[in-house]
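All values reported here derive from a predicted model rather than from experimental measurement.
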Amino acid sequence: MGLFDDAVPGGNITKPLMVALGALLVGKLISGGSAPAEAPVPQPSGAAPQGGVWGSGLGGLLDKLTNAGHGSTVSSWLGSGQNQPIQPTQLQSALGQTTIADLARHAGISEQELLAQLSQSLPGVVDKLTPNGRVPSPTEIQSVWNRA
């Protein structure tokens, strides 16, 4: 993926993880509404996941994590300095089983693999997307994603 190589341990993001991260960060799998029409997500062959979990992008993701008790972890990703890790079980609890299941199905990987990869990559990717602690809009993230 180039742009995010230094944001992810091991230096690369797999295609399934790209699909899942795009869905989360551009606004496709967090809250209850529809994703904006101008924010398509890279998709594997087949239809998008069904259900009522489409939503609010990076801001919504960070809010969900903060509201689940991981505010200091999220703050470390937004600020300067070292990013605090997040455990797969913490992500699962914060995002909810339905979102995790939909993301895994959408990405074509198991829930356990999705959670393991997200927990490793999310801190660095969020850090990279939020220079100076500013959370970009879904449209801005989509623009970055399209260049990557």
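Separating the CD atom in Q117 from the OG atom in S110 is a distance of 8.5 Å, to the nearest 0.5 Å. The CG atom of L62 sits 12.5 Å away from the NE2 atom of H70 when rounded to the nearest 0.5 Å. To the nearest 0.5 angstrom, I141 atom CD1 is 4.5 Å from L58 atom CG. Going from atom CE of M18 over to atom CG of L25 covers 9.5 Å, rounded to the nearest 0.5 Å.
Each salt bridge (charged side-chain N to carboxylate O under 4.0 Å, His left out) pair with one or both residues in residues 132-142, not counting sequence neighbours, appears once here: R134-E140. Note on residues 80-90: pairs passing side-chain hydrogen bond (donor to acceptor under 3.5 Å, both in side chains), not counting sequence neighbours, are T73-Q84.
In this structure A116 satisfies the side-chain contact (heavy atoms from CB on, under 4.5 Å) test with no other residue, sequence neighbours excluded. Considering only residues two or more places apart in sequence or on other chains, S76 meets the side-chain hydrogen bond (donor to acceptor under 3.5 Å, both in side chains) condition with none of them. Residues passing the side-chain contact (heavy atoms from CB on, under 4.5 Å) test with S75, sequence neighbours excluded: none. Under the side-chain contact (heavy atoms from CB on, under 4.5 Å) criterion, Q97 pairs with Q92, A101, E111, not counting sequence neighbours.
Proximity of L65 to L91: side-chain heavy atoms (C-beta onward) are separated by under 4.5 Å at one or more points.
Closest approach of G79 and D127 over heavy atoms only: O-OD1, 3.7 Å. L103 and A23 make their closest contact through CD2-CB, 3.8 Å (heavy atoms, listed as atom of the first residue, atom of the second, distance). Considering every non-hydrogen atom in both T130 and P136, the closest pair reads CG2-CD, 4.0 Å.
Applying side chain to side chain contact (heavy atoms under 4.5 Å, CB included) to L17 and the options L122, L118, I109 leaves one that passes, L118.
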